[in-house]
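In what follows, chains are A, B, ... by sequence order, proteins preceding strands, each numbered from 1. Predicted model only: the values in this text are computed from it and were never measured.
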Protein chains: 2
Amino acid sequence: MHRPRKEMIAATRGKLIAAARHAFGTIGYAEASMDDFTASAGLTRGALYHHFGDKKGLLQAVIAEIDGEMAVRVNEVASKAPTRWQHFVDECTTYIEMALEPEIQRIMFRDGPAVLGDPAQWPNANACTASMTDHLTALQQEGVVVADLDPETAARLINGASSQAAQRIANSKDPEATSKKAIAAFKQLLEGLHKRA
Amino acid sequence: MHRPRKEMIAATRGKLIAAARHAFGTIGYAEASMDDFTASAGLTRGALYHHFGDKKGLLQAVIAEIDGEMAVRVNEVASKAPTRWQHFVDECTTYIEMALEPEIQRIMFRDGPAVLGDPAQWPNANACTASMTDHLTALQQEGVVVADLDPETAARLINGASSQAAQRIANSKDPEATSKKAIAAFKQLLEGLHKRA
DNA sequence: CAATTGGCATACAGTGCGTATGTGAGTAGG
DNA sequence: CCTACTCACATACGCACTGTATGCCAATTG
């Protein structure tokens, strides 16, 4: 029986990722001391370097985890829509709502790109965009969306707009009102993709 | 005559900003050693701390300078358009083109937001968005753009989409082809703001 | 011409990252 | 069942970088 060993290792990795995720999500990547957050997980930097190579490696692992969770949440919400177009729109607005959470905003939209570069190049964190791309492709084949459009490109642009919308809401004095305005403007932009009669 | 003194000070500030701008724009904010780039300007960190307080303060100064330049360039190009809508579209595409430059991309869209937070909250770097907001407002009054839209919000979303478009082009294997696709997708999104017949 | 301001350099301390090395618990062969 | 090995993780060390406290010298002012 060689389970205990494997389980201990997985537990250690999990603890490190959880501690780092909390630190990165609150005080930010640059300010997070490896000594501090490994200690908060009851470990030392030795474990961190053994499992993740360096601080960036740990950030990658954290990002992969968050991306997976986001993809699940988006699919859950959007799959209930009546039409595919509505499905697509719901997917986008859910994305904005998730981007409102400080942890996601900080790690996925701020520190992540600054430390690891263009998110489009990340190896393990593209589930959300991939899903949006698929829907756009399908909508195009159904004739709902204009044909002259590269789906993945469009998905990325929408992504960018979403994150701005979320930041605007998050930093607003009156998030309720700002949210309405931001989502309205966002949907208006999406209308541009609709094929005209 | 107390020019020489003032001029020397301005020269020092200029040299520091230029050296930092180059370092930030190439190797990035986090990797740029203050000792190194102050030395490359023939100075030491003493001058830096005297004039800018800390590393972040210097980044702010660099960003303010770049923002000013960007605003000038946008206005130069866009002011030649025949219609106001075209003027607005040109403004956006010019913005994308500028965002293609590695220095601007790195400092304004990656490291800047990571270190200083939401660009919308920056005190001295909003000239570009302000201009776009103005045009959207005017277009709205002329009935070209849908009335039910907050101009500043829309400007920010477009900003986000622009920066994604630029990153996509910049990281592409075939920038020429990607550029066409990205700008086409971008214009398609903008069409959503047009009032329909 | 003396006094003072302040621009900038130098010296110092704290902290954090990365690496090299050590140790003890689990694992495999005889 | 005992020994040798592996490997997860800790400890110890060196280096680089930021920020602050202090010092010096030139320019300004009366």
Between [N] atom [atom2] and [X] atom [atom1], what is the distance in whole Å?
{"X": "Ile9(A)", "N": "dA10(D)", "atom1": "CD1", "atom2": "C1'", "result": "16 Å"}
{"X": "Arg45(B)", "N": "dT22(D)", "atom1": "CZ", "atom2": "P", "result": "16 Å"}
{"X": "Leu48(B)", "N": "dC17(D)", "atom1": "CG", "atom2": "P", "result": "14 Å"}
{"X": "Met8(A)", "N": "dC9(D)", "atom1": "CE", "atom2": "P", "result": "7 Å"}
{"X": "Lys6(A)", "N": "dA8(D)", "atom1": "NZ", "atom2": "C1'", "result": "12 Å"}

Q) Do other residues, nucleotides or ligands put more than 12 heavy atoms under 6.0 Å from the CG atom of Asp174(B)? A) yes
Q) Counting only heavy atoms not in Glu31(A), do more than 12 fall under 6.0 Å of its CD? A) no
Q) When the ring planes of His87(B) and His135(B) are compared, do they come out parallel, tilted or perpendicular, using 30° and 60° as the limits? A)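 Taking His135(B) first and then His87(B), their aromatic rings sit tilted (interplane angle of 30° to 60°).
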Q. Through what angle, rounded to 10 degrees, does the axis of the helix from dC1(C)-dG30(D) to dG30(C)-dC1(D) turn between its ends, using five pairs per end?
A.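 It comes to 10° between the two terminal axes.
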(Q) Can you tell me if Thr12(A) touches the phosphate of dC9(D), counting only side-chain N or O atoms and a distance under 4.0 Å to OP1 or OP2? (A)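 Affirmative; the distance criterion is met.
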(Q) Once ring-ring contact (aromatic ring centres under 6.0 Å, His included) is applied, do any residues pair with Phe37(A), and if so which ones, sequence neighbours excluded? (A)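 Applying ring-ring contact (aromatic ring centres under 6.0 Å, His included) to Phe37(A) gives Phe24(A).
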Q | Ring centres under 6.0 angstrom apart (Trp85(A), His194(A)) | A |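 Yes, they do, as the ring centres are separated by less than 6.0 Å.
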Between the side chains of [X] and [Y], does any donor sit under 3.5 Å from an acceptor?
{"X": "Thr178(B)", "Y": "Arg168(B)", "value": "no"}
{"X": "Thr129(A)", "Y": "Glu152(A)", "value": "no"}
{"X": "Asn171(B)", "Y": "Gln167(B)", "value": "no"}

Q) Hey, any chance Met132(A) and Val146(A) share a hydrophobic cluster, counting ILVMFWY side chains that come within less than 4.5 Å of each other, even indirectly? A) yes
Q. Is there a residue in residues 22-40 of chain B whose heavy atoms reach under 4.0 Å of DNA chain D, and which residues are they?
A.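 Of all residues in residues 22-40 of chain B, the ones placing a heavy atom under 4.0 Å from DNA chain D are Ala32(B), Ser33(B), Met34(B), Asp35(B).
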Q: Only pairs at least two apart or in different chains count here, so list each side-chain hydrogen bond (donor to acceptor under 3.5 Å, both in side chains) that has a residue in residues 72-82 of chain B.
A: Arg73(B)-Glu101(B)
Q | Counterpart residues, side chain to side chain donor-acceptor pair (under 3.5 Å), relative to Asp67(A) (two or more places apart) | A |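 So Asp67(A) forms no side chain to side chain donor-acceptor pair (under 3.5 Å) with any residue.
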Q: Can you sort out which residues in residues 49-62 of chain B have a heavy atom within less than 4.0 Å of DNA chain C? Ascending by number, please.
A: His50(B), His51(B)
Q: Give Leu43(A) one of three labels, base, sugar-phosphate or nothing, depending on what nucleic acid heavy atoms sit under 4.0 Å from its own.
A: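 Answer is sugar-phosphate: Leu43(A) comes under 4.0 Å of backbone atoms only.
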